[in-house]
Amino acid sequence: MHETKNPQLTPELYAYVLDHNPPLDPVQEELVEVTRARFGAAAAMQSAREQGPLLAFLVRLTGARQVVEVGTFTGFSALSMAQALPADGRLIACDVSEEWTAVARQAWAKAGVADRVDLRIAPALDTLRALPREPWIDLVYLDADKGSYVAYWEELVPRMRPGGIIAADNTLYHGRVVDPRATGDTAGIRAFNDRVASDERVEALLLTVADGLTLARRL
């Protein structure tokens, strides 16, 4: 058994982490609160607070201009990335809900980045398959239905430019991924993690950020 160096993430320690990361701006804060107030338990689908600054950091680190998000919900992660994009950058946001993304549209407009986001309401696989097949994507954030992660992966990897990054959320799936008898979404994440680990087109790390975050760099 390998020994972990991760401390237990108590509420106090989590608050300390947030205090030492870039703060959310007023639009981001408002979006987090509106999502929590309007959507109840479904608000758990929103990316963790620390992931907003992390995604913005990845945009700047990679010099991204072409970003794709699979699974937008109320737009917190897309907002974070769009704010970090240069003025000529574009983010294609894939979702199926007009209700959820209506909240996102309001936040993007309030933050002055609506012109950087191309929201496409359709099954994400249809949207991805319609994208140009040559390598052109700089950064992907994958946070959608877990059973389709492998299918999304197979559409995205060929379209990534060398050095491009795919960030996939929930890859520890509440700690349930260690269960070999897992079914449903957990089984989908287990299959995805195995596919990423065996894919020679990328180098990848599974990190203990939030509910698990995999970073994969296109070779």
Side-chain angles (χ1 to χ4, degrees), residues 24-56 58-59 64 66-85 89-131 137 139-153 155-156 166-174 176 183-189 192 209-213:
L24 303 188
D25 68 23
V27 179
Q28 291 173 316
E29 287 282 7
E30 181 182 13
L31 179 55
V32 169
E33 294 307 317
V34 167
T35 301
R36 186 176 298 145
R38 287 186 54 178
F39 297 106
M45 292 191 293
Q46 187 168 248
S47 295
R49 293 175 66 94
E50 67 270 26
Q51 288 175 289
L54 173 58
L55 291 169
L58 289 175
V59 169
Q66 302 293 337
V67 177
V68 173
E69 177 177 73
V70 184
T72 295
F73 189 41
T74 59
F76 173 69
S77 49
L79 172 61
S80 301
M81 291 186 287
Q83 289 175 309
L85 282 170
R90 295 294 177 269
L91 187 156
I92 296 174
C94 307
D95 208 282
V96 294
S97 173
E98 292 279 8
E99 179 187 10
W100 292 339
T101 56
V103 177
R105 288 181 189 273
Q106 292 175 354
W108 300 334
K110 188 171 291 189
V113 296
D115 60 332
R116 301 178 193 176
V117 183
D118 177 3
L119 177 62
R120 303 190 184 185
I121 302 295
L125 274 176
D126 293 346
T127 299
L128 296 180
R129 287 168 178 160
L131 297 177
I137 302 172
L139 178 66
V140 167
Y141 184 48
L142 175 56
D143 185 17
D145 52 307
K146 312 312 172 189
S148 298
Y149 264 35
V150 172
Y152 297 143
W153 176 263
E155 294 300 326
L156 288 163
I166 297 176
D169 198 22
N170 301 117
T171 48
L172 293 178
Y173 209 68
H174 316 298
R176 299 172 194 158
T183 59
D185 286 344
T186 309
I189 290 295
F192 175 76
V209 173
D211 189 31
L213 184 72

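Predicted, not measured: the structure shown is a model, and the values here were computed from it.
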Restricting to salt bridge (charged side-chain N to carboxylate O under 4.0 Å, His left out), what partner residues turn up for Arg38, sequence neighbours left out? none
Value rounded to 0.5 Å, distance of CG in Leu91 from CD in Gln66: 9.5 Å
So how far is it from Ile166 CD1 to Leu58 CG, rounded to the nearest 0.5 Å? 12.5 Å
Looking at residues at least two apart in the chain, or sitting in another chain, which of them share a side chain to side chain donor-acceptor pair (under 3.5 Å) with Tyr152? Asp145
Might you point out which heavy atoms bring Ser47 and Tyr141 nearest each other, and give the distance in Å? OG-OH, 2.7 Å
Would the distance check show the side chain of Gln46 and the main-chain N or O of Ala43 forming a donor-acceptor pair, the cut-off being under 3.5 Å? no
Does anything in residues 69-84 form a side chain to side chain donor-acceptor pair (under 3.5 Å)? List the pairs, not counting sequence neighbours. Asp25-Gln83, Gln28-Ser80, Gln28-Gln83, Thr35-Thr74, Glu69-Thr72, Glu69-Ser77
Restricting to non-hydrogen atoms, name the atom on Tyr173 and the atom on Lys146 that form the minimum distance, rounded to 0.1 Å. CE1-CG, 3.7 Å
Name all pairs fulfilling the side chain to side chain donor-acceptor pair (under 3.5 Å) condition that reach into residues 96-119, sequence neighbours left out, sorted by first residue then second. Glu30-Lys110, Asp118-Arg120
Which heavy atom of Val27 sits nearest a heavy atom of Ala107, and at what distance? CG1-O, 3.6 Å
Going by the rule side chain to side chain donor-acceptor pair (under 3.5 Å), which residues pair with Arg176 if we only count those two or more places apart in sequence or in a different chain? none
Can you tell me how far apart CG (Leu142) and OH (Tyr149) are? Round to the nearest 0.5 Å. 4.5 Å
CG (Asn170) and CG (Leu213) are apart, to the nearest 0.5 Å, by 9.0 Å
Residues in salt bridge (charged side-chain N to carboxylate O under 4.0 Å, His left out) with Glu50, at least two apart? none
How long is the gap from SG on Cys94 to CG on Leu131, to the nearest 0.5 Å? 7.0 Å
Rounded to the nearest 0.5 Å, how far apart are CD1 of Ile137 and CG of Leu128? 7.5 Å
Does any N or O in the side chain of Asp211 come within less than 3.5 Å of the main-chain N or O of His174, such that one atom is a donor and the other an acceptor? yes
